[in-house]
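Both ligands and their constituent atoms are indexed starting at 1 by order of listing.
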Amino acid sequence: MVISLINNKGGVGKTTTAVNLSAALASNGNTVLLVDLDSQGSASLSLGVPRGDLSPSIADALFDDVNIQDLIRDTSVRNLKLITGDFRLANADLALADVEGRERLLRDVLQAVRDSFDYVVLDCPPSLSLLPINALTAADTFIVPVSPQYLALEGLVNLFSAVDRVRENIGGCAELLGIVITLADYRVRVTQEIVEIVRGHYGKDVFETEIRGNVRLAEAPSFGQTVFQYDGASAGAEAYYRLAVEVATRSRRTI
Ligand code: ADP
Ligand code: MG
């Protein structure tokens, strides 16, 4: 099962979800590969990779035909492997402009390893340019993290119509696994209202689990740790564990 984290908006919890969902799935005995498609390498840094050690990365497989097997790294989390991202990914649209089938490169590259893992999780940059499009064509399903702020619903509507255009123009596009509400802060008065609007509009497509704002989730990356390593008893850890159970159920696997 290949799952992509998609939202063209930044700061909505894609990377936090990619890292901690992957760790939660791995903690239940699933083999998981996290692929960092962001040129910032945030998911890789969150898992403790030093900034100077981000290369070689998925960029080498996409741009230079390096064998993907050679890019898979161990992490400090049992059952969780990682392919890093690095700054060269920022150039993907230009670097691949003339490449035939450039929307499906990641799909082809992952072919050799996808069956070796229970889950492959793709962390995307905040855009709907070539790399997230590659993630959509490579993945079976996608998860949309959304933080309940002003215009959140409008953002979602636009995102889904953009995904529909990818589906029509390129084909072989991932299906929605679910929308996850992240960074919810119920001390802010509009939060409840926006969450109700999103839930009212998307119904069962919204995961029951909500990821509330949690200091531990924000702190863990600077220690190169998942929230489970940093503070396994925190509300953030508990929330991502529950989300992983829902993801596994929706993926029709037992966790
Ligand atoms: P994205 O990948 O969508 O840009 P991130 O996962 O990097 O978003 O999150 C943006 C920022 O918010 C990061 O600094 C992250 O540590 C913080 N963050 C994400 N989720 C939470 C949360 N539930 N509670 C507190 N901080 C969070
Ligand atoms: Mg990110």
Just jot down the ligand 1 atoms closer than 4.0 angstrom to any heavy atom of [X], in number order.
X    : result
G10  : 4 (O)
V12  : 1 (P), 3 (O), 8 (O)
R212 : 22 (C), 23 (N), 24 (N)

Among all protein heavy atoms, pick out the one at the shortest distance from [atom]; state its residue, atom name and that distance to 0.1 Å.
atom                    : result
atom 7 (O) of ligand 1  : T15 CB, 3.9 Å
atom 25 (C) of ligand 1 : N214 O, 3.2 Å
atom 16 (O) of ligand 1 : A218 CA, 3.6 Å
atom 8 (O) of ligand 1  : G13 N, 3.0 Å
atom 11 (C) of ligand 1 : G11 CA, 5.0 Å

Subject >> Selected option - heavy-atom contact closest to atom 27 (C) of ligand 1, from V227, I211, T16, L183 >> reply: L183
Subject >> Quiz item: cation-pi between R242 and F207, 6.0 Å / 45° >> reply: no
Original post:
When rounded to the nearest 0.5 angstrom, what is the spacing between CG in D118 and OG1 in T31?
Top reply: 3.5 Å
Subject >> Metal check, the Mg ion (ligand 2) vs S42 N/O/S, cut-off below 2.8 Å >> reply: no
With [X], the side-chain contact (heavy atoms from CB on, under 4.5 Å) member among [options]:
X    : options                : result
L106 : L136, T137, N134       : N134
V144 : V163, L177, V206, L156 : L156
V247 : T17, I143, V121, T141  : I143

Original post:
How far apart are the C-alpha atoms of F160 and Y202, what are their side-chain angles, what is the distance that settles it, and do they pass the ring-ring contact (aromatic ring centres under 6.0 Å, His included) test?
Top reply: CA-CA 11 Å; F160 286 121; Y202 289 104; 5.3 Å; yes
Original post:
Taking a hydrophobic cluster as the set of Ile, Leu, Val, Met, Phe, Trp and Tyr residues connected by side-chain heavy atoms closer than 4.5 Å, whether directly or through intermediates, do L243 and Y230 fall within one such cluster?
Top reply: no
**OP:** Show the numbers, then the answer: is there a side-chain contact (heavy atoms from CB on, under 4.5 Å) between V12 and K14?
**Re:** CA-CA 6 Å; V12 295; K14 285 183 293 298; 3.8 Å; yes
Original post:
Do ligand 1 and D123 have nitrogen or oxygen atoms that lie under 3.5 Å from each other?
Top reply: no
Original post:
Given the protein's heavy atoms, is any one of them under 4.0 Å from atom 4 (O) of ligand 1?
Top reply: yes
